[in-house]
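Any value given below was found using the heavy atoms of this structure, including those in side chains, with hydrogens, waters and symmetry copies removed. All values derive from a computational prediction rather than experimental measurement. We name chains A, B, ... by the order of the sequence lines, and we start the count at 1 in each one.
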Amino acid sequence: MFEAKLQQGGLLKKILESVKDLVVDGLWDCDGAAITLQGMDSSHVALVEMLLRAEAFEHYRCDRNVTLGMNHNHLSKILKCANNDDIVILKAADQNPDSCSLILESKNGEKTSDFVVSLVRIDTDQLGIPETEYSAHVKMSSGEFQRICRDLSQFGDAVQITCSKQDVKFSSSGETGKANITLTHSATVDKEEESVTVDLKEPVDLTFALRFLNLFTKATPISDTVTLSLSQEAPLVVEYKIGDSGHIRYFLAPKIQE
Amino acid sequence: KPKQPSIMNFFTKA
């Protein structure tokens, strides 16, 4: 039997909003320690990995490892019925389940809703994500990053990210013209979510498709800050922490000049 | 026009 009870249903709502426009169907791997979701967009350009450890749950029981093939649109419809402060319980049999139950309990306990969603067969390959030493880590406000990606999308379909010791520059150009946004490394980190910290081993200069970055920033409500990890020749990692009990990581390869 | 590689060029099947 797999059963997981989340005190804050709003978190699951935000997680679905973070992945459903990028990955239609995803494999939710549940084991004794955590729920892990990994999926790619339909064109296999980007990858998202979500991890939510058992400690995030009020109650977590997973007698045998079970993989739930979830259609994220169906799951999102159910979660649209949930309030942020509802308790959400996920339940599934652990012998090749063909469905998953979701129970929503209102905070005052007067309303209980239960849904059964059919699981989908997904035969995507699970990819191994190698541990990588990155040349640069940029930690910044998630809202700021979302705003930069949105604003620069008006100038071009790609953003060039250049990191130096002092700052990180986002540039885009197209027929509208050229736009540069430069964030200076904050000297003092007083308010974490408003500062920009650049941890640089060596300078990087990479170009990424804004269409995907704007899909990644759907996770902005999950965390006040976002961390970008960059290396020449390696996919960009855009990471949003889920409190202390997990993360959502998006991976996107840099564009290469023909 | 710059090319967009697939993520599968970088991560192997587990």
Considering all heavy atoms of both residues, which atom of [X] and which atom of [Y] are nearest to each other, and what is their separation?
{"X": "B:I7", "Y": "A:L127", "result": "CG2-CD1, 4.3 Å"}
{"X": "B:F11", "Y": "A:G128", "result": "CB-O, 3.4 Å"}
{"X": "B:P5", "Y": "A:P254", "result": "CD-O, 3.2 Å"}

Which atoms of A:A209 approach chain B - backbone, side chain, both or neither, heavy atom under 4.5 Å: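 Both parts, backbone and side chain.
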Using distance alone, with no hydrogens and no angle check, list the donor-acceptor pairs under 3.5 Å between chain B and chain A.
unit_1, atom_1, unit_2, atom_2, d
B:K3, N, A:I256, O, 2.7
B:K3, O, A:I256, N, 2.8
B:Q4, NE2, A:A253, O, 3.1
B:S6, OG, A:H44, O, 2.6
B:I7, N, A:H44, O, 3.2
B:I7, N, A:V45, O, 3.3
B:T12, O, A:G128, N, 2.7
B:A14, N, A:Q126, O, 2.6

